[in-house]
Amino acid sequence: MLQWIQDITDKVCSDEIFEQQSQMFLVALSLSFMCKALGGVVMKSSITQIEKRFDISSSVSGLIDGGFEMGNLFVIVFVSYFGSKLHRPKIIGIGCFIMGTGSILTALPHFFMGYYRYSKESLVNPSENLTSFSTCSISENLLLNSTSPKIVEKGCEKESGSYLWIYVLLGNMLRGIGETPIVPLGISYIDDFAETGHSSFYLGTLHAISMIGPIIGFIQGSLFAKMYVDIGYVDLSSIRITPKDSRWVGAWWLGFLVAGLLSIMSSIPFFFLPQNLDKPQKESKDLGYSHFPKTNEKRSQIANVTNRGQNISENITDFFQSLKSILTNPLYVILLFSSLLLSSSHIGAITYVFKYIEQQYGQSASEANVFLGTITLPTVATGIFTGGYIIKKFKLSLLGIAKLSFYTSALALIFQQFNFAVICESKSVAGLTLTYDGSNPVASHINVPLSYCNSDCNCDESHWEPVCGANGVTYMSPCLAGCKSSSGNKKSIVFYNCSCVEVTGVQNKNNSVNLGECPRDNHCTKKFYIYVLVQVLNYFFSSLGSTPTIMLVFKNVQPQLKSLAVGFHSLTIRALGGIPAPIYFGALIDKTCMKWSTSSCGKRGFCRLYNSRLYGNTYLGLIVSLRFSALILLVVLIFTMKKIYQGKNTKASENGRKDMNEANLEPLNNDGYFVPSSDNEAHM
């Protein structure tokens, strides 16, 4: 009787401990997912500002963004496979700490660079960013002074600090290394202790909660983008540009410091969790198949103690055999390539969506952050959660999950194409889209000849100090606008007697210009609101198919290969999608540039102004092409699954042997594991 009471007490205590530890892991993993997503958003939202601060092109900034995937590439497969045999929570904790360290390292170059110079001419104290303006009457003297050997040499030495972007790349790589164990080990750990049919719900909930991180990232990004980059170091009252100016750089480095500190804090709970969560006995009986891998794991631990060297050799051999198993699985391979194309489109789109909104619709970096953070991301979180809920609610088979992924991708592709209709025309810029007198459009922006209204002003055509004329035309500098005088100070400067503005035939003969580019017209603003609506629908259906895709990755392979399947899938996305996608997206976007910044040494820097129509067609066209190709592969996947399953019951299994037998995925070996048909691979 006493023994029976003791057994009941132990059972209750065991249930309570299991429940507490599983809840603690879910909370800790949710926090780490939030920090991981926060760090990613901070990098994406800072891309345009990093370009301006380090004076680099979009292709180089794409390389920096791809550094995160490079870090993943170094360790993803080995962490996914060998990590499952070690203390998974502690490895995740170490990864979070490294991820935070990488974010902090990314911000460090800011503290070693000189003051940001938004104007090429620096005739006053650089710490105050005070410069004089090259109007038509004094431009000749300024041109002679600004090209003197002394100033050019000094400028070249100062701008050599732009090579500090390499440290930003290294920091992003370190952040990628730290992020590696979070997803594969976290998902496999959840799938081990989750009840039958619940892992998909946990997965959807986890990704939905993680979207809090990007929301925080975009909101703080909006705030930091309004702060001048050298805040705390310069007199802000002396800064004459505003966040709307194309040369403005916000305090991009603050976001990385915040993300780094939060990531380090998120690592702490994982060091207090056990290596494995032992399920209560009742659940173990019901889930006899899921208990089998744990028995193998315990035996493996005993083998490590008795003969560690032999076990390492066996692990390496088993690793290559397991890798061969998933690479000869036709369903896994088709899904892998489809995911690669789809992920490449998402990665490229997200990397440059900030630049697209800023250049296409004239929104500031701060406004772009607010838009993406407060409108789009809640939609994405809803879509991810809904995807997991649909699978659980309707108990979709594997074939049903594949069809769900196809339908959602098809709808997202349809809505994506509506964006072509809301592309704005290029801005009216004298010397780029119009002649310098603003009267006629030009066939090409290259080497537009000077007009009689400014040909005698001896202007520096590479200088970029945009001013807006009363005629709605933007001029690249007061000198090129033919302005002779000015009044006011700081941000409210007005230039008068501008000969290139006068000849446009404005009725009131107002030939003055104001500092700064002309804003977009109302027609383009209306297009932006339509773009917002289309993006909400596009992101919803895209995210709706994310959970089904993840489920297909590890449900079409042998249960003991779940971690490796997810890890190799992540490896492929990182290596062939995450690294090259931002680079070739950036390289193609660079082709649409009309006006580049130039250093004192004559080196090309970042793009100041794009051809809006060409930019939109290039950016959106590349996204649609990749998604359409992925959609074709999803059709192939569905037909292949139908051929293999031959109409059998293919309910998505979670843990148990019973579900696997019901699935009839393929013949089962003697141990009850899924194996591909003999046409693809010999039974292991």
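Both backbone and side-chain heavy atoms feed into the values below; hydrogens, waters and symmetry mates do not. Values in this document were obtained by computation on a predicted structure and should not be read as measured data.
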Atom pair [atom1]/[atom2] of [X] and [Y] - distance to nearest 0.5 Å:
X	Y	atom1	atom2	value
Asn419	Ile623	CG	CD1	8.0 Å
Asn72	Met173	CG	CE	10.5 Å
Ile98	Glu179	CD1	CD	12.0 Å
Leu31	Ile212	CG	CD1	10.0 Å
Leu413	Ser345	CG	OG	9.0 Å
Thr572	Leu336	OG1	CG	4.0 Å

side-chain contact (heavy atoms from CB on, under 4.5 Å) between Val183 and Lys36, intermediate numbers included: CA-CA 10 Å; Val183 175; Lys36 176 177 75 71; 3.9 Å; yes
Any side-chain donor near an acceptor of the partner, Ser58 and Asp590, under 3.5 Å: yes
Residues His346 and Ser542: side-chain donor-acceptor under 3.5 angstrom: no
If I compare all heavy atoms of [X] with all of [Y], which pair ends up nearest, and what's the gap?
X	Y	result
Gly62	Pro582	O-CB, 3.4 Å
Val41	Pro214	CG2-CB, 3.4 Å
Ser629	Leu341	CB-CD1, 3.6 Å
Ala575	Pro580	O-CD, 3.3 Å
Asn329	Asn556	ND2-O, 2.5 Å
Ala259	Val42	CB-CG2, 4.4 Å

Criterion side-chain contact (heavy atoms from CB on, under 4.5 Å) against Ser338, the qualifying member of Ile632, Val635, Leu633: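 Filter result, single survivor: Leu633.
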Tyr584 vs Ser344 side-chain heavy atoms within contact, under 4.5 Å: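 Tyr584 vs Ser344: side chains touch.
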Over 12 non-hydrogen atoms of neighbours within 6.0 angstrom of CZ in Phe415: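 Enclosed.
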Neighbour count >12 (heavy atoms, 6.0 Å) for atom CZ, Phe271: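 More than 12 heavy atoms, drawn from other residues, nucleotides or ligands, come within 6.0 Å of this atom.
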Contacts of type ring-ring contact (aromatic ring centres under 6.0 Å, His included), residue Phe540, not counting sequence neighbours: none
Set of residues satisfying ring-ring contact (aromatic ring centres under 6.0 Å, His included) with respect to Phe33, sequence neighbours excluded: His207
Chi angles and distances behind the side-chain contact (heavy atoms from CB on, under 4.5 Å) call for Ile92, Phe25: CA-CA 11 Å; Ile92 295 175; Phe25 180 79; 4.2 Å; yes
Criterion ring-ring contact (aromatic ring centres under 6.0 Å, His included) on Tyr356 and Phe585, from CA distance to verdict: CA-CA 12 Å; Tyr356 182 78; Phe585 263 83; over 10 Å; no
Derivation of the side-chain contact (heavy atoms from CB on, under 4.5 Å) call for Thr549 and Ser339: CA-CA 8 Å; Thr549 301; Ser339 299; 3.6 Å; yes
Lys642 to Phe639 six-membered ring, cation-pi geometry met (6.0 Å, 45°):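 Yes, Lys642 lies over the aromatic ring of Phe639.
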CA sep, side-chain torsions, deciding dist, call: Leu327, Phe568, side-chain contact (heavy atoms from CB on, under 4.5 Å): CA-CA 10 Å; Leu327 291 181; Phe568 190 81; 3.4 Å; yes
